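Data first, discussion second: the structure below is written as structure tokens.
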Protein chains: 2
Amino acid sequence: MQHSLTVPIIGYHHSPLSQKFGIPRQPNLVDISSYIKMVAPYDTPDAFVGIADFSHLWVTWQTHHNQPQTGFKPQVRPPRLGGNKKLGVFATRSTYRPAQLGLSVVRLLEVENRAGKVILHIQGADMVDGTPIVDIKPYVAYSDAIMDAVSGFAPQAPKIKAVEMTATMQQQFDAMTSTTTNQNSLSKADVDTICQLIAQDPRPAYLQHEVGQMFVMRYKNIDIGFKMEEDGVLWLVEAKEVN
Amino acid sequence: MQHSLTVPIIGYHHSPLSQKFGIPRQPNLVDISSYIKMVAPYDTPDAFVGIADFSHLWVTWQTHHNQPQTGFKPQVRPPRLGGNKKLGVFATRSTYRPAQLGLSVVRLLEVENRAGKVILHIQGADMVDGTPIVDIKPYVAYSDAIMDAVSGFAPQAPKIKAVEMTATMQQQFDAMTSTTTNQNSLSKADVDTICQLIAQDPRPAYLQHEVGQMFVMRYKNIDIGFKMEEDGVLWLVEAKEVN
């Protein structure tokens with residue numbers, strides 16, 4: 001009897017988030033724009049005829065930051081539960097699972113035909129830059145949207161926190177959004193996305209009560225420093241370009 | 001650069017439908033009960049702690065009735081469109097796709113611990129008996145249920161047809177549901193499921209206007225003969241046990 005299955009990589013995800021820190025914990029929480037660049041032979045426009053009539057797609061991807069499991073680990077500690085309660089891996093969306101497969105619903109923004117090769121522009125992905133893609137299917141509302149589904153330990157979207165930026169930070173962002181000469185310049189949409197990402201509070205659960213400790217989220221080539229102050233607000237305090 | 005990914009088979013689907021004919025065209029259309037029997041080491045109850053708090057699961061499975069593609073075929077003819085219009089494979093849920101991966105949302109009925117091995121009892125699957133399972137994840141309503149999603153050529157569930165049974169058929173079912181000695185005896189729930197399956201009209205699209213032609217759907221070890229009459233009703237006409 002066959003014990004495994006081989007699936008081809010059909011494309012790669014390109015995102016402003018090159019590190020796991022800051023990646024939304026589920027799809028559909030943050031309006032972050034990104035794209036999937038298909039690889040040959042899967043990049044032919046023929047393979048996408050009709051897809052633009054769907055608003056959302058299912059993306060199946062490889063959790064490539066995790067090594068394939070050598071021994072099966074049946075339990076994980078979901079960040080959602082503070083990282084100190086164990087659950088069965090199949091009761092979670094943890095990326096540490098037997099199949100290195102992630103599953104994300106994303107909004108389809110545009111199907112670009114770039115010199116005969118397809119690029120899918122999407123919104124809401126919870127995948128890091130460089131993620132290998134193994135399948136793309138349309139979201140079919142009549143079978144996939146189950147409004148009365150009961151969702152165990154994750155009954156609703158995680159609470160978002162208030163985000164503010166210091167005057168210094170605001171000036172740094174203004175400088176970055178006013179230049180168009182730098183290929184890594186930010187748009188106002190980027191700044192909005194950064195604020196949405198930080199509002200999700202990417203800090204580890206066990207540090208979420210920590211006041212004054214600096215954390216850094218990389219967005220494109222910019223390291224965004226932020227910390228929670230006594231007021232419970234996540235303050236964006238500095239932005240540094242990196243190479 | 002890596003071009004493929006290997007995923008383990010973690011269980012097998014067990015269903016009264018051992019043939020593709022009759023399988024619902026999407027999950028969630030028919031209240032058919034079935035189960036997934038996990039295989040070692042993935043069958044440990046530890047791996048399922050917390051899963052019973054979710055009403056629905058995502059099942060990722062192997063479309064094992066299709067051979068792996070040797071050359072990439074970018075287009076398919078969805079049955080939904082009558083089988084005569086081509087669409088890009090990534091705009092469809094066709095099982096003829098580069099990754100032999102199917103994706104189905106199912107209702108979780110019960111997590112059975114049978115002598116220390118887990119069996120998941122589910123409802124609504126569109127998978128045939130013997131389907132290899134590669135991943136199970138909880139359905140998370142706040143990210144997965146998108147009520148306003150626009151679903152291209154499949155905006156709503158396929159229309160169901162009226163189903164009736166002849167007096168002879170009714171007698172045959174009565175005989176099968178009244179016996180409990182035969183291990184393949186039918187329950188009243190089975191008969192209801194059979195009627196729901198036929199109401200989906202499993203006949204190929206190009207034959208759906210055919211009057212009087214007999215089709216046979218196998219359910220457990222019973223071949224159910226049905227045909228559409230002039231009245232447009234799908235009439236169940238005979239049931240034969242097979243070995």
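Any value given below was found using the heavy atoms of this structure, including those in side chains, with hydrogens, waters and symmetry copies removed. Predicted model, so just to flag it, every value in this text is computed and none were measured. Sequence lines set the chain letters: A, B, ... in the order given, protein chains first and strands last, and positions in each chain run from 1.
- Shown here is Lys20(A), whose NZ atom has more than 12 heavy atoms of other residues, nucleotides or ligands within 6.0 Å.
- Counting non-hydrogen atoms of other residues, nucleotides and ligands closer than 6.0 Å to OH of Tyr206(B) gives a total of 12 or fewer.
- In this structure, chain A has heavy atoms under 4.5 Å from both the backbone and the side chain of Gln100(B).
- Heavy atoms of Val105(B) lying under 4.5 Å from chain A belong exclusively to its side chain.
- Annotation for Lys73(A): atom NZ counts as buried by contact number, over 12 foreign heavy atoms lying within 6.0 Å.
- Ser104(A) does not touch chain B: none of its heavy atoms, backbone or side chain, sits under 4.5 Å away.
- The residue among Thr44(A), Thr92(A), Leu29(A) with the most heavy atom pairs within less than 4.5 Å of chain B is Thr92(A).
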TODO: For side chain to side chain contact (heavy atoms under 4.5 Å, CB included), just list the numbers for Gln62(A) and Leu5(B), CA-CA rounded to whole Å, side-chain angles, deciding distance to a tenth of an Å, and then say yes or no.
DONE: CA-CA 8 Å; Gln62(A) 183 187 7; Leu5(B) 159 71; 3.5 Å; yes
- [ ] Show your working on side chain to side chain contact (heavy atoms under 4.5 Å, CB included) between Ile146(B) and Tyr139(A) and close with a plain yes or no.
- [x] CA-CA 9 Å; Ile146(B) 301 175; Tyr139(A) 186 95; 3.9 Å; yes
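- Only the side chain of Phe72(A) comes within contact range of chain B, with at least one heavy atom under 4.5 Å from a heavy atom of that chain.
- With a 4.5 Å cut-off on side-chain heavy atoms, Trp58(B) and Asp144(A) count as touching.
- Top candidate by heavy-atom pairs under 4.5 Å with chain A, chosen from Val89(B), Val140(B), Leu57(B), is Val140(B).
- Heavy-atom distances place both the backbone and the side chain of Leu87(A) under 4.5 Å from chain B.
- Using a cut-off of 4.0 Å between Lys/Arg side-chain N and Asp/Glu carboxylate O, Arg93(B) and Asp135(A) are scored as not salt-bridged.
- Between Phe54(A) and Ala91(B), the closest heavy-atom pair is CE1-O, 3.6 Å.
- For chain A, the option among Pro155(B), Pro132(B), Ala149(B) with the highest count of heavy-atom pairs below 4.5 Å is Ala149(B).
- Interface remark: Asn28(B) contributes side-chain atoms only to the contact with chain A (heavy atom separation under 4.5 Å).
- In this structure, the portion of Ile10(B) lying under 4.5 Å from any heavy atom of chain A is its side chain and not its backbone.
- Listed options Ser151(A), Ala99(A), Ser94(A), Pro27(A) were ranked by heavy-atom pairs under 4.5 angstrom with chain B; first place goes to Ser151(A).
- Atom NZ of Lys117(A) has 12 or fewer heavy atoms from other residues, nucleotides or ligands within 6.0 Å.
- Between chain B and the options Gly50(A), Pro138(A), Ala141(A), Pro45(A), heavy-atom pairs under 4.5 Å are most frequent for Pro138(A).
- Under the 4.5 Å side-chain criterion, counting only non-hydrogen atoms from C-beta, Val150(A) is not in contact with Asp53(B).
- Between Val49(B) and the choices Lys85(A), Gln75(A), Lys86(A), the side chain to side chain contact (heavy atoms under 4.5 Å, CB included) rule is met once, by Gln75(A).
- The residue among Ala47(A), Pro74(A), Gly152(A) with the most heavy atom pairs within less than 4.5 Å of chain B is Ala47(A).
- Interface check for chain A: of the options Ala154(B), Ala145(B), Pro68(B), the most heavy-atom pairs under 4.5 Å are formed by Ala145(B).
- With a 4.5 angstrom heavy-atom cutoff, Val134(A) touches chain B via backbone and side-chain atoms both.
- Ranked by non-hydrogen atom pairs under 4.5 Å with chain B, the options Ile51(A), Val7(A), Thr6(A) are led by Val7(A).
- At a 4.5 Å heavy-atom cutoff, Leu120(B) makes no contact with chain A through either its backbone or its side chain.
- For Leu108(A), no part lies near chain B; criterion is any non-hydrogen pair under 4.5 Å.
- At most 12 heavy atoms of other shown residues, nucleotides or ligands fall within 6.0 angstrom of atom NZ in Lys37(A).
- No other option in Gln156(A), Arg97(A), Met147(A) has as many heavy-atom pairs under 4.5 Å with chain B as Arg97(A).
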